[in-house]
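All chains are named by letter (A, B, ...) in the order of the sequence lines, taking the proteins before the strands, and each is independently numbered beginning at 1. Only a predicted model underlies this, so the values are computations on that prediction, with no experimental measurement involved.
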Number of protein chains: 2
Amino acid sequence: MDTATAREQALDAAERLFYGRGIQSVGMDDIRGASGVSLKRLYQLFPAKEQLVEAYLERRDVRWRGELAAYVAREQDPKQRIIAVFDWLQEWFGDEEFRGCAWINAYGELGARSDRVAGQVRAHKQAFRDYLGSLVAGAELPDALTGPLHLLAEGAMVTAGVTGSTRPAAEARQAARSLLTVR
Amino acid sequence: MDTATAREQALDAAERLFYGRGIQSVGMDDIRGASGVSLKRLYQLFPAKEQLVEAYLERRDVRWRGELAAYVAREQDPKQRIIAVFDWLQEWFGDEEFRGCAWINAYGELGARSDRVAGQVRAHKQAFRDYLGSLVAGAELPDALTGPLHLLAEGAMVTAGVTGSTRPAAEARQAARSLLTVR
DNA sequence: GACACGGGAGAACGAACGTTCTCCCGTGGG
DNA sequence: CCCACGGGAGAACGTTCGTTCTCCCGTGTC
């Protein structure tokens, strides 16, 4: 197995386990077992667990925002694009594997202990907010809408994560529609 | 030191440390050191760490919701009471000790491993939502507003926790005002 | 005064886990 | 064929931490 595929399999297993069971309750040995990558190789690729965690969050960040952007881009109408964000959230919440927002969860676990993880969470949330801002600008709506839309989305992620329901996405979409059409 | 005060001091220390540094990174020995309650007593009062965690979340839930309700009750106008929720959040976010929502953080740390903690988080969030619902009903507003208001509040808590800023409260309050005055 | 006892200090124990080390094998080059 | 070497399996090591145990002291009771 060459280095690139070993790295990818390690990250696949790490993501599945870290996201599904939490970071601290998954040991490096669990990742070895799930990925088939030996401990020796794991430590060559990621000299410490924290670096594996960072790589997991980093890769997931790129993919998460990419998938959201691809979904939204299918919509032509600029205002509908904003609504599509909440449609996408609803689909995500309905996924069998959904267990809340990976970054909010990671922040709860490690935010107080690891500055690097805390920084990654901040960067991810800021990037999401900036993306919403770009959609708002694209629809020629006042920039002041960005904050509220972002809060609705974050609230929906938290609430869906805790309750396991997709309803928060529908509620958030409805509220977003209402905010977009006010005066 | 009698049993009641030992219990209270243990819970005081547990709350300070669990909330400030995360649950998993605080050991029983840290709590002994911070509370002055010996390990022997600690384990008489709480036969396992998980029970101390549950007692911490339980006591904090009662106090948190009580303080919110007391703050809101000072307002007479039913609609202003809803806005007052966000004023209270803003004060909370500005507190020096503020480190995000204790329940969201606990869920990120333990939600996947402890059903009891996950249940407490769900119950706390449901109680908060129900409280918002009672304010909405008191203002004779449509019940459909409860969900969006709740999501704004949750989003503000998460975002303030991650960024350390009080701004999310102001944004959420503004959005709430807007939702209340539509049509 | 003798003694039972609740409690404090902190050592001890055992498990979990991050990280490293040992041993061995298969392979490719000389 | 020999050998160097990259890598796998998993034992080993050291630390952390939840939990329990030991030892001792002060107090209240007869």
Subject >> Worked verdict on A:Phe128 versus A:Leu68 for side-chain contact (heavy atoms from CB on, under 4.5 Å) >> reply: CA-CA 10 Å; A:Phe128 176 49; A:Leu68 169 59; 3.7 Å; yes

Subject >> Closest to the A:Tyr43 side chain, choosing from C:dA11, D:dG18, C:dT20 >> reply: C:dT20

Original post:
Are a donor atom and an acceptor atom from the side chains of B:Glu154 and B:His150 found within less than 3.5 Å of each other?
Top reply: yes

Subject >> Atom pair distance, as rounded to whole Å: CG in B:Leu45 and P in D:dT19 >> reply: 14 Å

Original post:
Between B:Thr3 and B:Leu39, which is nearer to the 5' end of DNA chain C once each is assigned its nearest nucleotide?
Top reply: B:Thr3

**OP:** Round to the nearest Å and state the distance from B:Asp29 atom CG to D:dG18 atom C1'.
**Re:** 10 Å

Original post:
Would A:Arg74 count as a cation-pi partner of A:Tyr71, with NZ or CZ less than 6.0 Å from the six-membered ring centre and within 45° of the ring normal?
Top reply: yes

Subject >> Nearest-Å distance for atom pair CG/P, residues B:Leu42 and C:dG10 >> reply: 15 Å

**OP:** Could you check how far CG of A:Asp30 sits from C1' of C:dG18, rounded to whole Å?
**Re:** 12 Å

Original post:
Within this structure, what is the CG-to-C1' distance between A:Asp2 and D:dG6, rounded to whole angstrom?
Top reply: 14 Å

**OP:** Name the closest nucleotide to the B:Lys40 side chain, picking from D:dT22, D:dG10, D:dT20.
**Re:** D:dT22

Original post:
Roughly, in whole Å, what's the span from CZ in B:Arg21 to C1' in D:dC17?
Top reply: 13 Å

Subject >> Atom-pair distance (CD on A:Gln24; C1' on D:dG18), nearest Å >> reply: 15 Å

Original post:
Quick one: does A:Glu109's side chain have a donor or acceptor within less than 3.5 Å of a partner on A:Gln24's backbone?
Top reply: yes

Original post:
Where the side chain of A:Lys49 is defined as all heavy atoms beyond and including C-beta, which of C:dG18, C:dG7, D:dG8 is the nearest nucleotide?
Top reply: C:dG18

Original post:
What is the distance from CZ of A:Phe46 to P of C:dT20, rounded to the nearest Å?
Top reply: 16 Å

Original post:
What does A:Val26 touch in the nucleic acid at a heavy-atom separation under 4.0 angstrom: a base, only the sugar-phosphate, or nothing?
Top reply: sugar-phosphate

